[in-house]
Amino acid sequence: MLVSDGEQGMIGRFLDELDPVVFVFGALLTVGVIVAFFVDRSFVAGGIETVHGEMLSYMSWALLVIVFLVVVFLLYLIIGPWGKLKLGDTDPEYSFLSFFAMLYSAGFAAGVVFWGPTEGLFYYDDPNPLFGVEGGSSEAIPLAIQQTLFHWALPQLAVFTIMGIAIGYFAYNYDKVPLRASSALTPIIGKENLDGPVAKVVDILAVFATIGGVATSLGFIGSQFVSGLEYQWGLSFGDTGILLVVTTMTILFTISMVLGIDKGIRRLSNFNMGLFVVIMLATFILGPSMFLLLLGSQAIGGMISDFVAMSLYTGAGDGGTGWVESWTVFYWAWALSWSPFAGLFIARISKGRTIREVAFTGIVATSAATVPWFTFVGGTAVFLQDTGGADFSEVIAGEVGAEVSGFILFDALPLGAIFMVAFLVLVTTFFITSADSSTLAVSMMTTGGKESPSTINRVFWGVVLGLTAAILMILGGEGGAGALEQAVVITGAPFAIVCFLAMLSLIKNLSGTNGRVLLQEETVIVGSTERRSDDPTTTAEPGDDDD
């Protein structure tokens, strides 16, 4: 079989750009999990459940504390002197609105669309024990939305943003620092060790966590799409139908990905945000508008006043440990499983922007879009359940999947059929933007940090991601998806340590190069304050960052 020069060039570029260790181990880990589930699903699921339980028992407090500290640090970057520093020395590549739309769409917007109509219902039925409110009562309504806003506003976004800033700052401001997850730890592991074993382990885990976390999310979104077709038009899909649906979506996001960020992801992200806003405002107008304004004001105020308590509440002593682990800790771990991909993508599109811009967009601007969505869409669902305008009892009881909630909600509103079609389109486009941006990030991880990986590399990881999402949907009916969600927690939780170290890396570097904030430059933190004549003078720049 003859191979054309063009094909040889594509294959040659693919082979030349690979980081073989990260690519091979990342691919083997991912494929290995898939094969293991088919060989002995129950044994693997039982093992994952055991490790998942042990990890939550010992690490839940650490996730809560670390995520809280990251949020505080990012708020400081927004208002503090370090925020003026730039990621690189060029002008931004994209307009602010396009930058915001890509960051939001590629980050966690698919999860926002999935959980928007349904999460508040669970907290309405079973509120956070911190508040001591009876489930299903009128007092539980604002607390349900408050808890939802807390889970989907600052903290989840913070772990993406800290990784994006750390990767981008060291990759764009120092020579020979590649654009990959391990680069966030440059001042700690040393620039000369970015090809060493510690960096390789971080990058391999980043690939594995990204595939697991994103594929689980895409499995949710795919199941929401299939459920919508069945709910509205009675179209029932077996395993073959699910494979066809996800294959079609995979083809679409692969095309978008191959077109590149400017032609593919940017344009689709802008469309996503437009349709997202239209559905949100239409729900507000056609729903209980005045009630939603009152509800939103109270929920936002409660989230702000209770933020520290909610962030550090572990349930110790009052039987709430299980609730916190099932919800808050799970969400933080799931977000952490996304953090290497989302952080890498944020770094890729943030070149030329200041740290303050990225931090502000990452946790404030995106929260400003998330808060009204959950208030209007989630608040309307809780209102309808409380007043009897719609029946979500089967969803709350777990008799049907959470993916059905959006269709029950929109069916209860005027113009419900139009709503549901628009919602299916939104589900599909967010699936595509989340998938193509995550595939681009994985391709970058497996090529040593190249900003524009080869088409073959991107298509390979696109197919792997699509197949994994399809398998999750098929296994979901037999409990397999739940086991893989637990696996996502297992792979995501260790990234709490990586995010914490990324924050320490920024503090170490920025305080060394741009002045300490709390202490004067000559302060001796440990040891004697006396200086011998032969002591070396201090330098403003860490040794491992010398160019």
Could you pull out all residues at least two apart from Glu357 that satisfy salt bridge (charged side-chain N to carboxylate O under 4.0 Å, His left out)?
-> Arg353
Partners meeting salt bridge (charged side-chain N to carboxylate O under 4.0 Å, His left out) with Lys200 (sequence neighbours left out) |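 Per chain and number, Lys200 pairs via salt bridge (charged side-chain N to carboxylate O under 4.0 Å, His left out) with Asp19.
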For a side-chain contact (heavy atoms from CB on, under 4.5 Å) with Met445, tell me which candidate from Val202, Leu179, Val207 qualifies.
->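 Single side-chain contact (heavy atoms from CB on, under 4.5 Å) partner of Met445 among Val202, Leu179, Val207: Val207.
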Working for ring-ring contact (aromatic ring centres under 6.0 Å, His included), residues Phe374 and Trp115 = CA-CA 8 Å; Phe374 278 105; Trp115 287 106; 9.3 Å; no
With sequence neighbours excluded, tell me which residues meet side chain to side chain contact (heavy atoms under 4.5 Å, CB included) with Met310.
->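 Expected list: Leu130, Phe131, Gln146, Gln147, Phe150, Asp306.
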Classify the ring geometry of [X] against [Y]: parallel below 30°, tilted from 30° to 60°, perpendicular beyond 60°.
| X | Y | answer |
| --- | --- | --- |
| Phe423 | Trp373 | parallel |
| Phe419 | Phe410 | parallel |
| Trp152 | Tyr331 | perpendicular |
| Phe341 | Trp338 | tilted |

Indicate yes or no: does Glu93 engage Arg348 in a salt bridge with an N to O separation below 4.0 Å.
-> yes
Report yes if the side chains of [X] and [Y] come closer than 4.5 Å at any heavy-atom pair, otherwise no.
| X | Y | value |
| --- | --- | --- |
| Ser405 | Leu121 | yes |
| Phe68 | Val308 | yes |
| Ile349 | Phe99 | yes |

Under 3.5 Å donor-acceptor, Ser511 side chain and Lys508 backbone =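 Yes; judged by distance alone, with no hydrogens or angles, the pair exists.
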